[in-house]
Amino acid sequence: MITIIVVLIIIAIVAIFSVQNAMPVAISFMFWKFEASLAILVFLSMLAGIVITATIVFSGRVKKYLKKQE
C-alpha cells in the first residue's frame, strides 16, 4: 500500500513539473534533430524508467519463481 502512495506522489510531482515546463526544446540525437515539448519529454523519460524498472523486477521474480520450481 505504501508503494502505491509513493508512486502516486512521484507521478503527481512529475505531472506538476511537466505542466510548469511546457515550453518547446530542441533535441539532437545522432542524426536526428527535432523540437518537442519539455512536458512530453519528461513524461516519456518517466515512462521509460517505469518500463525498464518493471522489466528488471519482473525478470527477477520470474527467475526466483523458476528456481523454486526446480
Side-chain angles (χ1 to χ4, degrees):
M1 183 67 174
I2 192 85
T3 306
I4 294 171
I5 293 171
V6 170
V7 169
L8 290 175
I9 290 171
I10 291 171
I11 289 172
I13 290 170
V14 170
I16 292 168
F17 178 80
S18 295
V19 170
Q20 290 180 349
N21 294 293
M23 65 193 115
V25 292
I27 292 142
S28 299
F29 180 70
M30 297 180 124
F31 302 109
W32 297 303
K33 190 171 186 176
F34 59 94
E35 284 194 16
S37 169
L38 183 59
I40 293 172
L41 292 175
V42 169
F43 175 74
L44 291 176
S45 297
M46 185 183 85
L47 187 63
I50 289 170
V51 169
I52 290 168
T53 303
T55 303
I56 291 170
V57 169
F58 181 71
S59 66
R61 289 185 180 184
V62 168
K63 285 180 185 178
K64 194 180 216 182
Y65 175 76
L66 292 176
K67 198 171 194 178
K68 283 183 180 180
Q69 296 300 319
E70 292 178 354

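- Taking Ile, Leu, Val, Met, Phe, Trp and Tyr as hydrophobic and joining them when side-chain heavy atoms fall under 4.5 Å apart, one finds Leu8 in a cluster with Ile4.
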Can I get a per-line list of side-chain donor-acceptor pairs under 3.5 Å for residues 33-41, giving both atom names and the distance, sequence neighbours left out?
unit_1, atom_1, unit_2, atom_2, d
Ser37, OG, Ala22, O, 3.3
Ser37, OG, Ala39, N, 3.2

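- Applying the side chain to side chain contact (heavy atoms under 4.5 Å, CB included) test to Ile9 and every residue at least two apart in sequence or in another chain returns Ile5, Ile13.
- For the ring-ring contact (aromatic ring centres under 6.0 Å, His included) condition, the pairs that include at least one residue of residues 9-32, sequence neighbours left out, are Phe29-Trp32.
- By the 4.5 Å side-chain criterion applied to Ile, Leu, Val, Met, Phe, Trp and Tyr, Val19 is assigned to no cluster and stands alone.
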Taking distance alone, no hydrogens or angles, what donor-acceptor pairs closer than 3.5 Å link side-chain atoms of residues 47-61 to residues at least two apart or in another chain?
unit_1, atom_1, unit_2, atom_2, d
Thr53, OG1, Gly49, O, 2.8
Thr55, OG1, Val51, O, 2.7
Ser59, OG, Thr55, O, 3.2
Ser59, OG, Ile56, O, 2.9

